[in-house]
Amino acid sequence: MLLNNDRIFGMLMLVLAVAYGWGATQLPEPFGGNEVVGPSTFPSILAWILGLCAIYLIVKPDPSQEWPSAKIFGELLVVVVVLLGYAWSLDYLGFILASFACVAILSWRMGATLASAALVGLATSVGVFLIFDIGLELPLPMGLLGGLA
């Protein structure tokens, strides 16, 4: 088994998945006992997905070992900045506005027109909010929209 870029990245992601999964088990138990969906559910799902993707990279790496161009690295930097901005603004702006901005910007950077990116951002943020807030009864931060309710 040759050690190439994908396998090294896969090993790093596997370590991250295990650490993230362990961190999810350290979250406090919900008030009132065990619930089907609690604070550790979503992080645990993400840890499993990340772990499976990491194992795939280790077992079946890409045969092409060329590094991405500077343009691709720039686009990845934009994604990182948008995701950091999303995490930073989530409490202040609230889930709907922060998610709208994040999804719209990322959709636009992937080639969507500005109008369709905005529509996807709006539909995604409101849809996911309704699923979590009403369907799963997991309240999400309202931020600036909290004063309107």
What one should report as the nearest heavy-atom pair of Val59 and Arg7 is O-NH2, 3.8 Å
If hydrophobic clusters are built by linking Ile, Leu, Val, Met, Phe, Trp and Tyr wherever their side-chain heavy atoms come under 4.5 Å apart, do Ile105 and Val120 end up in the same one?
no
Could you tell me which non-hydrogen atom of Asp133 sits nearest to which non-hydrogen atom of Leu140, and how far apart they are?
OD1-N, 3.9 Å
Where is the tightest heavy-atom contact between Asp6 and Leu57, given as atom of each residue plus distance?
O-CB, 3.8 Å
Is Val79 reachable from Leu16 through a run of I, L, V, M, F, W or Y residues, each pair having side-chain heavy atoms under 4.5 Å apart?
no
Qualifying side-chain hydrogen bond (donor to acceptor under 3.5 Å, both in side chains) pairs, either residue in residues 97-113, two or more places apart
Glu75-Arg109, Tyr86-Ser99, Thr113-Ser116
From CD1 (Ile49) to CG (Leu52), nearest 0.5 Å:
8.0 Å
Rounding to 0.5 Å, atoms CD1 (Ile72) and CG (Leu77) come to a distance of 13.0 Å
Identify the two heavy atoms, one from Ala54 and one from Gly10, that lie closest to each other, and give their separation to 0.1 Å.
CB-O, 3.3 Å
Does Phe100 reach the side chain of Leu93, with side-chain heavy atoms less than 4.5 Å apart?
no
Let me check something: do Val78 and Leu84 share a hydrophobic cluster, defined by ILVMFWY side-chain heavy atoms less than 4.5 Å apart, either directly or through other members?
no
In short, salt bridge (Lys or Arg N to Asp or Glu O under 4.0 Å) pairs touching residues 82-93 with sequence neighbours left out are none
Same cluster or not: are Met13 and Ile58 linked, directly or through other Ile, Leu, Val, Met, Phe, Trp or Tyr residues, by side-chain heavy atoms under 4.5 angstrom apart?
no
Please check if the number of heavy atoms outside Phe9 that lie under 6.0 Å from its CZ is greater than 12.
no
Any chance you could measure Leu130, atom CG, to Leu136, atom CG, to the nearest 0.5 Å?
11.5 Å
Nearest-0.5 Å distance that lies between atom CD1 in Ile96 and atom CG in Leu90
11.0 Å
Single-linkage hydrophobic cluster, 4.5 Å side-chain cutoff, Val126 and Val103 together:
no
Residue pairs passing the side-chain hydrogen bond (donor to acceptor under 3.5 Å, both in side chains) test where at least one lies in residues 118-131, sequence neighbours excluded
none
